[in-house]
Structure formats: structure tokens, C-alpha cells
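Have a look at the structure below before the remarks.
Being a predicted model, the structure only gives us computed values, none of them experimental. So you know, we letter chains A, B, ... as the sequences are listed, proteins then strands, and number each from 1.
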2 protein chains.
Amino acid sequence: MNFRATLDFLLMDWLQADRLTQRPRFADHSADTFAAVLDLSERLAQDKFAPYNRLVDTEEPHFDGERVTLPAVTREAVQAHAEAGLRAAGQDAEVGGMQLPYVVEAASRTFFMKASIGIDAYAMLTTANANLLMAHGTPAQRAAFAMPELDGRYTGTMCLSEPQAGSSLGDILTRAVPDGDDAASDPLGPRHRLTGHKMWISGGEHDMAENIVHLVLAKIPGPDGRLPAGVKGISLFIVPRVLVEADGRPSGQRNDVSLAGLNHKLGYRGTVNTLLNFGEGRHPVRGQAGAIGYLVGAPGDGLRCMFHMMNEARIQVGLGATMLGYAGYEAALDYARQRPQGRPAGPAGKDPAVPQQAIIGHPDVRRMLLAQKAYAEGALALGLYCARLVDEKATGEAAVAADAATLLELLTPVAKSWPSEWCQEANSLAIQVHGGYGYTRDFPVEQYWRDNRLNMIHEGTHGIQAQDLLGRKVRAGDGRALRLWTDRVHETAGHARQVASLVPLADALEDAVALTSAATQAAWRQGRHDVAMHNAMGYLRGFGHTVLAWLWLDLAVLAHRQLAGAGGDDRLLRGKLEAARYFFHHELPLVQAWLAPVIGADDQFATLDTDVL
Amino acid sequence: MNFRATLDFLLMDWLQADRLTQRPRFADHSADTFAAVLDLSERLAQDKFAPYNRLVDTEEPHFDGERVTLPAVTREAVQAHAEAGLRAAGQDAEVGGMQLPYVVEAASRTFFMKASIGIDAYAMLTTANANLLMAHGTPAQRAAFAMPELDGRYTGTMCLSEPQAGSSLGDILTRAVPDGDDAASDPLGPRHRLTGHKMWISGGEHDMAENIVHLVLAKIPGPDGRLPAGVKGISLFIVPRVLVEADGRPSGQRNDVSLAGLNHKLGYRGTVNTLLNFGEGRHPVRGQAGAIGYLVGAPGDGLRCMFHMMNEARIQVGLGATMLGYAGYEAALDYARQRPQGRPAGPAGKDPAVPQQAIIGHPDVRRMLLAQKAYAEGALALGLYCARLVDEKATGEAAVAADAATLLELLTPVAKSWPSEWCQEANSLAIQVHGGYGYTRDFPVEQYWRDNRLNMIHEGTHGIQAQDLLGRKVRAGDGRALRLWTDRVHETAGHARQVASLVPLADALEDAVALTSAATQAAWRQGRHDVAMHNAMGYLRGFGHTVLAWLWLDLAVLAHRQLAGAGGDDRLLRGKLEAARYFFHHELPLVQAWLAPVIGADDQFATLDTDVL
């Protein structure tokens with residue numbers, strides 16, 4: 001079953017994206033224009049990205065002390081994507097954007113992620129960067145920095161982490177001080193000098209764009225010269241690699257930002273990852289050390305601005321993990337259909353006189369394929385569902401929009417973490433299906449597995465997602481999000497109960513939801529954040545699998561309805577029912593095991609004497 | 001807690017290896033000589049292996065079309081290991097061996113595996129090869145081939161797979177025909193000419209030994225010229241890279257074995273892996289194509305001879321996976337104690353004015369460390385327990401030996417597969433503890449993770465182990481092995497019931513055993529192998545975790561006893577109790593989920609219409 005058919009099923013049949021065209025913002029669109037964007041994306045990804053995915057892994061970015069060299073194909077692919085207008089897919093038509101719904105933009109992106117996540121990252125980061133500036137920047141900042149990003153001339157980065165502060169952003173030490181007497185009156189925004197070190201900066205240095213727009217978190221010292229403590233003291237700055245004139249044209253002069261080195265990664269090697277030094281004096285500006293940066297928004301408002309895009313970035317990370325899982329699934333399915341090995345087992349065992357069969361005939365290979373399908377397609381459903389909520393939040397009627405925003409907040413940690421964990425597992429299964437060949441670099445699956453391992457780490461680690469879910473999201477608004485979600489689950493279960501074969505699944509789902517409720521209450525029984533966090537990971541896992549079971553049941557209801565009626569691709573629909581069955585029989589029972597320590601209020605992780613480790 | 005302390009605890013306190021010295025074969029040994037071997041191994045591994053583990057990954061074996069180049073450090077390490085006499089650790093003293101128990105030999109090996117699995121593989125394969133020849137070869141074969149392997153001059157390989165036959169050995173096509181009229185009277189054994197291709201041959205070509213002894217599975221054609229079908233037609237041959245004289249001295253003349261290419265792997269790169277062509281005429285012998293090979297044992301007896309060592313090889317693969325897991329655990333523990341990040345959460349959340357804490361203070365980091373400890377130390381206990389059974393089988397009294405042999409057969413698929421799956425997971429957790437740093441090649445953990453991924457594939461894939469367990473082992477002797485194992489579990493549970501705090505664990509363990517019994521009966525309810533195999537992987541997982549719970553409870557009983565008495569390292573013992581607690585609370589509950597489809601006789605994997613995938 002090809003990917004596009006599944007994408008169309010999810011996007012159009014399930015999420016009914018075409019209904020969005022009834023809203024003013026999307027009135028110029030139709031199912032046809034959506035399809036045209038997907039066609040274009042599929043073709044571009046196939047032609048410009050997919051053929052080079054191994055190359056960008058092998059020919060890792062190289063730094064000779066002066067410049068960073070990337071394979072030429074990276075620039076060509078990234079440019080082709082930009083020239084097709086896709087960086088501005090979601091922007092207003094009046095600034096040259098396509099004014100597409102977010103869910104269609106996300107669907108477009110899936111093709112590039114599947115073809116080469118390491119190349120796509122440049123485009124994804126640049127769009128995220130520009131979107132932030134379009135939302136929070138001044139008109140001059142938008143014109144000078146965001147527009148050249150959207151039209152393909154610049155690329156962008158997000159500079160959050162520092163060597164000593166990864167997950168703990170409140171501890172960043174990058175310092176920003178007003179740059180002279182006229183600092184406040186700069187047309188590009190309050191001008192500061194930044195000094196500090198930023199770690200893990202993807203796309204931080206390369207030669208494939210006229211300029212690189214760094215969005216940098218830093219702290220403005222107080223009157224006593226000390227940096228404000230915690231996350232509330234964080235501000236956001238635009239720090240261009242090359243300085244620009246007041247009207248936005250590049251001046252040709254380097255800003256005081258220099259590359260300290262590249263990180264040599266396990267995977268995701270197509271994307272250059274850097275350690276950047278800001279303001280160390282290597283490229284002095286007007287004779288002075290200190291990188292020029294323009295404040296975005298108000299001082300101390302940096303994290304809020306950054307998190308405006310962080311939620312969407314987390315959905316994108318989840319989608320990236322998903323598409324790696326999907327790519328591995330496609331490769332494994334293809335291999336399993338082609339590769340002969342072993343024989344069908346009959347009641348009496350195996351008959352060596354019978355010809356070998358394709359390995360897809362073996363029950364355990366089918367298990368591995370079904371698992372990959374359930375993980376990758378389930379994760380895709382989750383990512384698109386969340387993307388649809390982004391549209392609902394932005395363009396829905398007030399009450400609907402409020403609910404969508406609430407539900408999106410709740411589901412975001414799952415949308416980020418679940419694909420990162422389970423599509424990684426899918427990639428491991430893809431290797432396993434290939435046997436020894438899967439362990440070689442002659443097949444693509446080992447790279448997918450390496451690439452995917454990043455996703456549990458960046459944009460908030462797995463542990464951070466668990467804390468976000470249990471520590472913040474399920475409690476927000478006195479648990480309103482959780483009730484909203486539970487209502488939707490019951491709604492799905494109600495529809496499922498109309499179909500005899502789905503009744504046991506509906507029962508199992510409602511049991512799992514009851515367990516998650518019990519776990520939430522148990523975790524928060526003392527009302528103390530620290531106690532609740534003891535088993536946050538078990539909670540995330542149990543909750544995540546329950547969310548996926550809900551989505552699979554919802555898809556099964558639709559597939560069943562379409563099968564019963566006239567429409568729909570029969571094999572595709574039966575495939576969805578098989579994946580749902582797999583998920584309920586083999587995956588959902590795990591929820592009980594993961595939630596048991598939460599419900600039992602196990603405190604081992606909190607009370608452990610670590611000297612015994 | 002250092003590794004050696006845990007190894008000593010398992011080997012001496014738990015498995016009481018010193019008792020073996022009461023047996024005639026080990027009478028010259030004592031606890032002191034065992035300790036001396038471990039001291040030597042620890043030091044050698046530290047000096048000659050560990051410093052080069054990254055180097056042998058980076059400087060992957062290279063083939064220029066003529067010769068294969070390995071880093072010089074590989075040869076030096078492998079030689080140092082051989083010169084210390086460790087290749088012959090288990091051999092009789094009269095042939096220059098140390099005549100050590102197998103469990104001590106295995107314990108010695110763990111140091112090298114932990115230091116560099118990619119270097120150790122040459123030594124491990126050579127010993128396995130020599131052991132096979134010492135058991136099944138003629139005196140002349142032993143003298144000509146095994147002895148130079150044991151003394152460090154030759155290395156050895158196992159040539160089983162072919163490009164078209166990996167898991168399905170019955171389908172090999174390598175052909176062996178008698179070599180002329182005097183073939184039968186060759187002093188080195190019935191001489192044949194071999195032609196065929198062998199895939200995935202570790203150590204298949206290099207320049208670090210005088211000779212390479214290939215042990216090759218091939219088929220002798222029948223009178224009609226056709227190869228016999230299935231595994232019963234497989235014979236075993238010694239095919240030296242360089243031909244030897246009748247008295248065993250290398251003749252200097254190349255045999256007709258040539259390197260077709262290297263496999264470029266995801267990990268385990270220190271070990272060269274090759275595709276070998278036998279008999280293609282590149283190095284004709286006496287003017288004729290065909291590799292010279294000497295039959296070992298009887299025609300058609302090849303697989304039996306090979307499986308003589310395969311069980312031990314599978315234990316070794318499990319131990320290798322274990323030691324990679326342990327190496328990652330050590331690295332993660334060290335990092336977690338050093339790395340400051342974040343703050344302790346109090347009832348009111350986190351106070352940014354408080355200094356950052358080492359990440360080992362975070363509950364989720366502790367979870368990841370405890371999981372790694374439970375996986376790696378539990379797997380080590382399993383591997384050593386099985387190694388101890390090898391000794392029991394070889395030197396125990398008749399009834400004890402028979403039981404040990406039976407139990408060993410049952411546990412071998414678990415000893416191979418469980419560490420391969422869960423110490424891989426441990427390596428992933430080790431990366432996660434390191435955050436972004438773990439994803440770089442500046443830290444060792446990403447390599448452990450890549451190296452370990454091989455272990456679910458080679459020496460019988462994960463799926464093959466599941467089939468072996470459920471399809472063969474649990475049914476053998478009308479279920480005698482299963483009853484024997486259940487008896488031991490009940491014995492452990494009985495001891496645990498003497499300790500109040502361990503009673504709930506004993507209950508949980510017996511529940512899990514009851515589930516595995518139910519699963520066994522459900523799988524075999526129709527008495528049909530093909531039906532039983534539907535959910536073999538779920539069975540393997542459920543059974544495996546139950547085995548590990550049993551071992552952890554047994555260790556907990558001992559730790560508790562030692563804590564109550566005078567002796568033992570307090571921190572070490574409390575660590576064992578914590579790991580056992582972790583395993584029972586967070587891992588054992590998974591058994592129910594994995595066994596549910598087995599007990600429910602789910603037939604989805606068998607009946608699936610694969611066109612819907």
C-alpha cells in the first residue's frame with residue numbers, strides 16, 4: 001500500500017481537510033489545490049531528496065578550520081524546496097505565502113522527511129524561524145530577516161542550548177547588553193551585544209545561503225551586572241551571521257559569530273550541527289567584540305516567543321520520527337516480499353523439497369511488518385490530528401478553537417515522544433526483517449535507525465515530555481484537557497460499539513482510559529509535583545499507547561464504515577483494520593504494566609540511595 | 001559499584017565456582033587461581049583492548065582489492081590475549097591448556113568483551129573453532145589446525161551462511177566432491193574440493209595470523225550429482241587459507257579461497273566481515289580450481305558437529321550483548337554522577353537560586369540507570385548460570401549432569417536472545433542519560449548501541465531463538481526441561497518466602513510461571529508446530545522476562561542472607577536488592593501483555609492477507 005494513499009485517507013477521509021476550505025482564510029483553496037501541493041511535494045522529494053539520503057550521511061559536513069563544506073546536493077535540494085514556495089506554505093498570500101492550512105503544510109513536509117530528514121531539517125528550521133518572526137517580530141524585522149528566509153535566500157537556526165545548559169534553559173549564560181547610546185533607536189529593534197556559547201545548533205554554519213538568521217536566547221544583566229535567575233530572565237534576539245543595513249540588505253560584513261566546531265553525530269548527519277561562539281571577538285563589529293543582536297518582543301519574553309513555535313516544532317519532530325519509521329517500513333515490506341528464505345511450516349513441520357518462500361510468509365516477519373505499520377501509520381495519524389488541531393485553534397469558531405488549543409497542549413508531548421520511541425522501534429524491526437543485510441550500509445534501514453535515535457533527545461528529551469505531560473498538561477485548567485480528551489475517546493468508543501467486531505476493542509480502550517485516570521489520580525494524590533514526577537515515564541508510556549489505541553479505533557470505525565459502503569480502497573481499509581487489531585492485541589495490553597508503578601505509587605526512583613548503583 | 005565486585009559475587013558467592021575445584025578435572029585449581037585468571041584478564045583488557053575500541057570502529061577494515069588491512073592494535077591485542085594462554089583456557093593441561101571450568105573461562109572473556117567486542121571476536125571465534133576440532137577432529141586435524149589456533153599462530157572462522165541461505169541452512173549450495181583417487185587416504189582427513197560462496201564470515205580475511213582455519217558447511221553430491229536436500233545432507237570441512245603439509249606445517253601455498261568483498265556494517269566494525277568465494281579458481285591448487293577441504297566427522301554429520309559448539313556460541317553472543325550493555329551502564333553511571341543539570345524538585349517546584357545538581361538526582365535518570373543495571377547484571381547472571389550448567393553437564397555426577405544438559409538446552413535461546421534485546425535497550429538508555437552528548441561520537445555509548453544491534457541477528461536470529469524455544473525446547477522430552485526449570489523456580493520462591501520483604505516478589509514470580517505454563521499449553525493446544533509458532537516471539541519475551549525475574553529473586557535471596565549475616569559488601573548487596581525490586585515492579589508486569597496473544601491463541605500473523613500491508 002503506498003504512502004500517498006494512506007496520507008490521503010488520513011488527511012481527506014478522516015480529518016476532512018477539505019472542509020477547511022469553507023473558512024475565509026482557506027477559501028481560495030480546494031481539495032484540488034491541496035492535492036496539487038502534495039503531488040508537487042511528492043515529486044520534489046522523490047527527485048531532489050531521496051536519491052541523496054545516503055550521500056549526505058556518508059559525506060558528512062566537514063570543517064577545515066575556515067569553512068564548512070556540505071555536499072552540493074544539499075543546497076540544490078533545499079533550494080528546490082524553497083523555490084517551489086514551500087517555505088511559505090502557511091504564510092499569508094499577501095506576503096507571498098500559499099496560505100495553506102497547517103495540516104496540509106505538515107502533510108507536504110512528510111514527503112521530504114521520508115526522503116531525507118537530514119536535508120529537510122534546513123528547510124524545516126528556516127520555516128520555523130521565519131514563522132516566529134512573522135508572529136513576534138516588528139515589520140522591519142520581518143522584512144529584513146523573515147522574508148529572505150521564506151523566499152529561500154537565507155536560512156535560520158534556533159539557538160537555545162549551551163554546553164552547560166541543555167534541558168535546563170533557565171541556566172543559560174549568554175549575555176546581552178545594549179549596544180551603545182543609540183541601541184534603543186535601531187530600526188531593526190533594540191540593538192544588543194551578545195557574548196556566550198551555543199551548543200547543538202543545527203544549520204549553524206554552511207555556505208549554502210546568503211545569510212543565516214540565528215534566533216538566540218540570552219539574558220540581559222540587571223543593574224548589578226548579574227544575570228536574572230531562571231527562565232523568566234530569558235530574552236530573544238535576532239543575530240544574523242552577516243550584518244544587514246537598516247533597510248535589510250546584507251552589508252557584507254560578518255557579525256561576531258564564529259564556529260567553534262562541529263558535532264559528529266551518530267546519525268542525522270546530513271544536517272550540520274554546531275557549537276557557536278557569540279561575541280568572542282573573532283569578527284569584531286565597529287572594532288569591538290560582541291555579536292550584534294536585535295531584541296524580539298519584550299525583555300524577559302524570550303521563552304514565551306520561543307515556545308510559540310516550540311509546540312509546532314515538537315509536532316514536526318514527531319512527524320520526522322514517524323516518517324523515518326515509515327521509510328523503514330516501506331524498505332522492510334519491499335524486502336520481505338522479495339527475499340526467499342525458509343519454507344511454510346505445515347502440521348508436520350517443513351518439507352525441504354518444497355521451494356523456499358518469500359519471508360513475508362513467516363508469521364514472525366508479518367508480526368514485524370504489522371508492528372511497523374501500526375507504529376508508523378498510527379504516529380502519522382497522531383501528527384496529522386495535532387496539525388489539524390493547530391488549524392482548528394487558529395481558524396475555528398471560538399469555542400471549538402479553545403477546545404482545540406486545550407487538546408493540542410495535552411497531546412503535544414505525546415505527538416513528540418510517541419513516534420520518537422516507537423518509530424525508532426519500527427526502524428529496529430526494519431533492520432531485523434532484513435537480517436544480516438539490514439546491518440550493512442548497503443541497505444537504507446540502518447541509517448533510518450541511527451537518524452531516528454536523535455528524536456528522543458532534541459526539542460525536549462523524552463523525560464522532559466513525560467514531565468510536561470504529567471506535571472503540567474494533565475493538570476492544566478483543573479484537568480479540563482484530560483476531560484476533553486476522555487470525552488473524545490468515549491465518543492470514538494461509542495461509534496465503535498455500533499460495529500460488533502469492534503466492541504471488544506471499545507471495551508479495551510475504555511479500560512485503558514480508566515487506568516490512565518487512576519494513574520493520574522495516584523500520581524497527584526499528595527498534590528505535590530515532586531511526588532507526581534516519580535514515575536512520569538511510566539505515565540507517558542501508558543498514556544501514549546492509550547492515545548494511539550484511541551486513534552486506531554477511530555480509524556477502524558471509519559475503515560469499517562467505508563468498507564460497508566461503496567467507497568474506499570478495499571485493501572487499504574482492510575490494512576487499517578489489521579493494524580488496529582494488531583495494536584489492540586499486542587500493544588495496548590502493555591499499558592497496564594507501565595501504569596502499575598504509577599498506580600502503586602512506587603517511590604523507588606525518588607528514594608534510591610544512588611551509591612548502590 | 002565496579003564490575004569485578006559484581007562478577008565475583010555472581011561467580012563465587014552465587015554460583016560457588018570454587019566448589020568445582022573438588023572435581024578431579026579442576027583439582028589443580030583453587031579460588032586463588034580463578035582470581036588470578038580474572039586479574040590477568042582484567043588487566044589485559046584494560047591495557048590492550050579498551051584504549052582502542054573507538055579506533056577499531058573508526059579505522060574500519062579496508063580491502064584494496066588485494067589485501068585486507070586492520071589496525072595494528074587489533075593484532076597486538078589479539079596476540080596478547082593468545083600469549084597469555086587464554087585461547088586454551090578450557091583445554092586439557094596436557095595439550096597446554098589451563099583446564100579451567102567453562103564458567104571461569106566465560107568470566108574471563110567478559111572483560112575483553114566489555115573492553116572491545118570488535119577485537120575480542122577474533123579470539124572468541126578462534127577458540128570456538130579450535131574447541132570444535134578438539135572435540136570432533138582426528139588427532140592429525142587437531143595437531144595441524146586446532147593446536148596452532150590455541151597457541152596463537154592461526155585464527156579460525158565459522159562458515160555457515162551463504163548469500164541465498166542465512167537462517168535456512170538446509171538450502172546451502174556449497175558443494176564438496178572427493179579430490180582424486182587418494183582423497184580418502186589423506187592423513188589430514190578425507191580430502192575434498194569445495195566450491196561455493198559463504199556470506200557473513202567474521203575474521204574471513206586479514207593479515208594478522210600465519211593461517212586462517214575455515215570450518216565450512218557444505219554438501220557432498222549424491223551419485224546423481226545432486227545435492228542432498230535439507231539439513232541432513234550437510235557436512236563439515238576444514239578449509240585452511242594456506243595449505244599445510246601432511247605434518248601440519250604451512251606449505252606457503254594459498255588454498256583456493258578468495259575474498260569477494262567486505263561487508264560494511266553498522267557496528268562491530270573492529271571485526272572484519274567477509275564474503276568468501278571457495279573454489280572459483282583464483283588460487284588453483286595443483287593446477288585445478290576447487291578449495292581443498294578435509295572432512296570432519298562423518299558425511300552428513302556437519303550440523304551436529306557445528307551445533308556442538310553452537311550452544312556455547314549462543315551463550316557467548318548473549319554474554320557479548322551483556323557486556324556491551326554493562327559498558328554502556330558504566331559510562332552512563334559515570335556521566336550521571338558528574339553532569340550537573342537542573343535542580344531537585346521540592347513540593348513547590350524548583351528554586352532557580354539553588355545550585356544545579358548532578359543528573360543522577362533526577363528520578364527519571366535513576367530509572368534509566370536502574371533499568372540498565374537490571375538488564376546488564378541480570379543478563380550477566382543468566383550467562384554465567386548457563387556457563388555453570390556447561391560445567392555441570394561436563395563434570396557433574398550423571399544425574400546432575402543430565403539435568404544440567406536438559407536445563408541448558410531450554411535456557412540457551414533465552415541466554416542468547418534476552419541480552420541481545422534488553423542490553424540493546426540498556427545501550428539506548430545509556431545514550432539517553434548522556435542527552436545530546438550521547439548522540440555524538442565523542443562518547444562511547446553510541447558505538448555500544450551500534451555494536452549491540454548485531455546480536456539479535458547473528459548466531460540464529462531473534463525469531464529463530466523464539467522458534468527454538470517454543471517449537472523445540474519446551475516440548476523436548478515431553479516437557480521435562482520445562483518441569484525441571486519450574487522446579488528450580490519454585491525452589492527459589494520457597495527460599496524467598498522465608499524473607500517477608502521478598503514474599504510479594506515470590507508471588508509475582510509464581511504468577512508469571514503459571515502464565516508461561518498456560519501459554520505453553522495454549523500454543524500447543526492443537527499439537528501442531530505451525531500453529532504453535534504463530535506467536536513464538538510473544539512467548540520468548542514472556543518466558544525470557546520470567547527467567548530473569550527468577551534469577552533476580554535468587555540473587556535477592558542471597559543478597560538478603562549476606563546482608564543479614566556478617567559477610568558481603570553492603571552497597572553491592574543493597575544494589576542487588578534495588579535492581580531486583582526494579583525488575584519486579586517495572587519489568588515483570590510486561591509478561592502478561594506479551595503472553596496474552598499466546599494464551600488467547602491470536603492467529604493474526606498466520607492468517608493475514610499480506611496484500612493489505
Name the region of [X], side chain, backbone, both or neither, that has any atom closer than 4.5 Å to a heavy atom of chain A.
X	answer
B:Gln526	neither
B:Ser428	both
B:Asn535	side chain
B:Arg339	side chain
B:Met368	neither
B:His458	neither
B:Trp449	both
B:Pro355	neither
B:His362	neither

Donor-acceptor under 3.5 Å ([X] side chain, [Y] main chain):
X	Y	value
B:Gln341	B:Ala358	no
B:Arg366	B:Ile360	yes
A:Thr607	A:Asp603	yes
B:Gln164	B:Ile172	no
B:Arg269	B:Thr58	no

- [ ] List the steps, then state whether side chain to side chain contact (heavy atoms under 4.5 Å, CB included) holds for B:Leu608 with B:Leu613.
- [x] CA-CA 9 Å; B:Leu608 180 72; B:Leu613 290 176; 3.9 Å; yes

Interface residue of largest heavy-atom contact number with chain B, from [options], under 4.5 Å:
options	value
A:Met533, A:His434, A:Glu60, A:Met199	A:Glu60
A:Gly600, A:Ala606, A:Pro363	A:Pro363
A:Gly166, A:Ala596, A:Ala229	A:Gly166
A:Leu169, A:Leu590, A:Leu266	A:Leu266
A:Met537, A:Gln372, A:Gln467	A:Met537
A:Gly267, A:Gly435, A:Ala336, A:Gly471	A:Gly267

TODO: Salt-bridge test for B:Glu446 and A:Lys265: reply yes if a basic N is under 4.0 Å from a carboxylate O, no otherwise.
DONE: no

Smallest separation among heavy atoms of [X] and [Y], with atom names:
X	Y	result
A:Val433	A:Ala332	CG1-O, 3.7 Å
A:Gly436	B:Ile457	N-CG2, 3.5 Å
B:Ser202	B:Asn273	OG-ND2, 3.2 Å
A:Asn452	A:Asn427	ND2-OD1, 2.8 Å

TODO: Starting from the C-alpha separation in whole Å, work towards a yes-or-no answer on side chain to side chain contact (heavy atoms under 4.5 Å, CB included) for A:Gln592 and A:Leu595.
DONE: CA-CA 5 Å; A:Gln592 189 162 18; A:Leu595 293 182; over 6 Å; no

Task: B:Tyr439 and A:Trp200: CA distance, side-chain angles, deciding distance, side chain to side chain contact (heavy atoms under 4.5 Å, CB included) verdict - done: CA-CA 11 Å; B:Tyr439 198 67; A:Trp200 312 122; over 6 Å; no

Task: Derivation and outcome, side chain to side chain contact (heavy atoms under 4.5 Å, CB included), residues B:Tyr268 and B:Asn455 - done: CA-CA 10 Å; B:Tyr268 233 109; B:Asn455 289 312; 4.2 Å; yes

Task: Interface residues of residues 580-587 of chain A facing chain B - heavy atom cut-off under 4.5 Å - done: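 Expected list: A:Arg581, A:Tyr582, A:His585, A:His586.
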
Task: Proximity breakdown for A:Gln356 and chain B, heavy-atom pairs closer than 4.5 Å - done: side chain

- [ ] Sort A:Pro228 into side chain, backbone, both or neither according to what part of it lies under 4.5 angstrom from a heavy atom of chain B.
- [x]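 When you check distances to chain B, no heavy atom of A:Pro228 falls under 4.5 Å.
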
TODO: Applying side chain to side chain donor-acceptor pair (under 3.5 Å), name anything that partners B:Ser168, two or more places apart in sequence or on another chain.
DONE: B:Asp171

TODO: Would you please test A:Glu578 and A:Arg574 for salt bridge (charged side-chain N to carboxylate O under 4.0 Å, His left out) and show each step?
DONE: CA-CA 6 Å; A:Glu578 292 285 0; A:Arg574 286 190 292 129; over 6 Å; no

Which one wins on heavy-atom pair count under 4.5 Å against chain A: [options]?
options	answer
B:Gln424, B:Lys232, B:His534	B:Gln424
B:Thr440, B:Asp609, B:Asp442, B:Val231	B:Thr440
B:Leu369, B:Leu370, B:Thr461	B:Leu370
B:Val365, B:Ile431, B:Val531, B:Asn263	B:Ile431
B:Met456, B:His462, B:Arg441	B:Arg441

Task: B:Thr610 vs A:Leu333 side-chain heavy atoms within contact, under 4.5 Å - done: no

